[in-house]
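These numbers were taken from a predicted model, which means no experiment stands behind them. Below, each value reflects all heavy atoms present in this structure, side chains not excepted, and no hydrogens, waters or symmetry copies.
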Amino acid sequence: MKHPFDENKTLPVYVANFVLMGYGTGAIFGCPSSDQRDLDFARKYNLDVTAVVLPEGKNRDDFLITDLAFTEHGTMINSQFLDGLTPEQAFEQVADRLGNIDLKGKPQGTRKTNYRLRDWGISRQRFWGCPIPIIHCDNCGQVNVPDADLPVRLPEDPDLSKPGNALDHHPTWKIVECPTCGSDARRETDTMDTFVDSSWYFARFTSPRSSQPLVPEIANAWLPVDQYIGGIEHAILHLLYSRYFTRALKKVGLLDIKEPFKGLFTQGMVTHETYKDESKNWVSPDNIRIETKDGNRQAFVLSTNKPATIGPVEKMSKSKLNGVDPEDMLKTHGADAIRWFVLSDSPPERDVEWNEAGIDGASRFVQRFYKIVQESIALGQLSPKVAGNEDKEAREFLSHVHATTKAVGEELGGIRFNRAIAHIYDLANGFSKFLPKVSQHPNGERILALRKGLDHLVVLVAPFMPHMAETCWQQLGKSGLVCDAPWPEVDLALLVKESTIIPVQVNGKRRGEIEVPLNAPKSLIEEKALNLDAIKRILEDDSPKKIIVVPNRIINIVI
């Protein structure tokens, strides 16, 4: 297709199924340098990737996109008339230009805002929910429940065995006197949608023990909420309801804020396969047996031993019976393993596919982590055989520990839990390699490094594996709880490396990597890159047209 701003330039068109369903349909512009999904797609199919947003403080000539898209704030580059603008300013410029005229003098499009608002029926005909404080009187009509009688409490003896609303067929709860005339009346038996109370509870939580709904001076001091995290249904509906309540509370003088939340993060859903029996009825996973033969998976209903159909992976729901009882998982694997799996399986904004293999893997790591801690505690208690002043192995280990501490802290701040856990996995491997070295040569430097590294490791794991971390914290002889411990300080001096890994690209596509001394001369970087087997095969004894070296960062060979 032709580029909308450059008639001499064409753009390739790809048909793919990786775009989120909620985004809509139609053609969209991919931006692999600033969207991880687009970047993964581009790398898989060896497409060119051009950086279009430059991080603050970075040099344009030195900044390249490797395996991670840059999604933070910066300024536009390699974007013609948009260069130097922020992405937000660039969006406005593009919309304005598309709304004016194209190269042929005709408008290419119009700016449009899509709204997904719909009427909100807040009443429900069920027991669970907030009672609606209305009394129905034959003489007075609808009467508000007096303030002195609030809140209206649900009965403690509902009969949930009958179909329909338990409040409507309760023998006594709904019968009440009319507050106005004293005649027989009845309570409203509908209850409010649970979105109602949850749409303002963040304000109530600022003063939970107050006899008033909220204390304005306290609520205004705490609000707005820094970060809102919820599923897509909450991001669309609950967020809108919360904004409505916030503005209503502001209008009546109970709040001074206009928006309830500073930031929004939409988390993914937990999904699972679906199953149907021969009668097309849904079957729950705990009633399914999976057999694999010649690479093909076949499902059978446990209760009947008859074949079942394996359906698509969908969001867990009661209607399709594809939910998994967490109690069974807790009994088998424990809460820490389940937390670890859910947080490590995929980025928080993407769906998590629940599977037994993933849980088993998480459970094995919990056990491995505990073993590492126990071995480290035992070695850390040894008396040094050799004093030692400077030990290369100890320094490299501590450098790994502090680099991981820095990386995990940054990933947590960006709500990138799976990346944080990936760093912890790598550090666990570092412990596994360092422990034998301490055992073989337990000098003072190595034992001290192990003790310090262990303190860091337990704190890093605590947000993801809290129960195990608290147990290990006590075994380390620490006072208080690990959840109250400060985040470990990072020694920046230990992050200075003697060598670095440099990716090797050919025509912008990654083909390998080399390890060179820090600040190595370009001649050495070129020599090591050209001696890689993968590069030799590509060049086939020919000389490259050009070699671009960014010291300590990357090398690109142009052929």
So with a 6.0 Å cut-off around CH2 of Trp487, is the heavy-atom count from everything else above 12? yes
How long is the gap from CD1 on Ile559 to CD1 on Ile547, to the nearest 0.5 Å? 11.5 Å
Could you pull out the closest heavy-atom pair between Ile310 and Ala299, with the gap in Å? CG1-CB, 3.6 Å
Between Ser242 (side chain only) and His238 (backbone N and O only), is there a donor and an acceptor less than 3.5 Å apart? yes
Sidechain-backbone polar pair: Thr274 side chain, Pro312 backbone, donor-acceptor under 3.5 Å: yes
Heavy-atom count check: over 12 atoms from other residues, nucleotides or ligands less than 6.0 Å from Glu88 CD? yes
Got a second to check how far Ser34's OG is from Glu72's CD, nearest 0.5 Å? 10.5 Å
For Phe434, does its backbone N or O pair with a side-chain atom of Arg446 as donor and acceptor, under 3.5 Å? no
Keeping Thr206 on the side-chain end and Phe202 on the backbone end, is there a donor-acceptor pair under 3.5 Å? no
Between Leu47 and Lys509 the two heavy atoms that sit nearest each other are N-CE, 4.4 Å
Where do Trp473 and Leu481 land on the side chain to side chain contact (heavy atoms under 4.5 Å, CB included) test, with the steps shown first? CA-CA 7 Å; Trp473 193 247; Leu481 299 175; 5.7 Å; no
Where the side chain of Ser439 meets the backbone of Leu435, is there a donor-acceptor pair that is under 3.5 Å apart? no
Donor-acceptor contact below 3.5 Å, side chain Ser399 vs main chain Phe397: no
I want to check something: taking the side chain as every heavy atom from C-beta on, are Leu539 and Val506 in contact at a cut-off of under 4.5 Å? no
Candidate list Gln36, Arg43, Arg37, test side chain to side chain donor-acceptor pair (under 3.5 Å), partner Asp40, passing option: Gln36
Lys433 NZ: over 12 foreign heavy atoms closer than 6.0 Å: no
Val53 and Ile77: side chain to side chain contact (heavy atoms under 4.5 Å, CB included), yes or no, with the steps? CA-CA 6 Å; Val53 179; Ile77 57 173; over 6 Å; no
Would you call Tyr370 and Gln475 a side-chain contact if the rule is heavy atoms closer than 4.5 Å? yes
When you look at CD of Glu489, are more than 12 heavy atoms from neighbouring residues, nucleotides or ligands closer to it than 6.0 Å? no
How about Val408 and His456: do any of their side-chain heavy atoms sit closer than 4.5 Å? no
With rounding to the nearest 0.5 angstrom, report the CG to CG distance, Asp391 to Leu448. 11.0 Å
Less than 4.0 Å between a side-chain N and a carboxylate O, is that true for Asp541 and Lys536? no
Closest heavy-atom pair and its distance - Asn418, Ser344: CB-O, 3.8 Å
Could you tell me whether the side chain of Leu454 reaches within less than 4.5 Å of the side chain of Leu450, counting heavy atoms only? no
Please say whether more than 12 non-hydrogen atoms of neighbouring residues, nucleotides or ligands are located less than 6.0 Å from CZ in Phe29. yes
Pairing of Glu396 and Lys437 as salt bridge, 4.0 angstrom limit: no
Set out, in order, the CA-CA distance, both residues' side-chain angles and the distance that settles side chain to side chain contact (heavy atoms under 4.5 Å, CB included) for Leu379 and Ile447, then state yes or no. CA-CA 7 Å; Leu379 288 174; Ile447 290 177; over 6 Å; no
Report the distance from atom OG1 of Thr500 to atom CD of Glu515, rounding to the nearest 0.5 Å. 8.0 Å
Between the main-chain N or O of Cys31 and the side-chain N or O of Asp38, is there a donor-acceptor pair closer than 3.5 Å? yes
Of all heavy-atom pairs between Ala69 and Leu39, which one has the smallest distance, and what is that distance? N-CD2, 3.3 Å
Rounded distance (nearest 0.5 Å) linking atom CG of Leu64 with atom OG1 of Thr50: 10.0 Å
Verify side chain to side chain contact (heavy atoms under 4.5 Å, CB included) between Tyr14 and Phe41, making sure each step is shown before the conclusion. CA-CA 10 Å; Tyr14 301 93; Phe41 183 88; 4.0 Å; yes
To the nearest 0.5 Å, tell me how far Leu264 CG sits from Leu239 CG. 6.0 Å
Which atom pair, heavy atoms only, marks the closest approach of Thr404 to Ile424? CG2-N, 4.5 Å
Minimum side-chain heavy-atom gap His400-Asp426 below 4.5 Å: yes
Ile290 side chain reached by Gln298 side chain, heavy atoms, under 4.5 Å: no
Run Glu291 and Lys293 through salt bridge (charged side-chain N to carboxylate O under 4.0 Å, His left out) and show every step you take. CA-CA 7 Å; Glu291 295 182 2; Lys293 185 177 181 180; over 6 Å; no
Asp491 backbone acceptor or donor facing His402 side chain under 3.5 Å: yes
In terms of heavy-atom contacts, Cys483 and Glu470 come closest through N-OE2, 3.2 Å
Min side-chain heavy-atom separation Phe417-Ile415 under 4.5 Å: yes
Within a reach of under 6.0 Å around OH of Tyr425, are more than 12 heavy atoms found that belong to other residues, nucleotides or ligands? yes
Short side-chain to backbone donor-acceptor contact, Asp294 and Asn296, under 3.5 Å: no
Heavy-atom donor-acceptor pair, Asn78 side chain to Val52 backbone, under 3.5 Å: no
Find out whether Leu68 and Arg419 are in side-chain contact, i.e. whether some heavy atom of one side chain is under 4.5 Å from a heavy atom of the other. yes
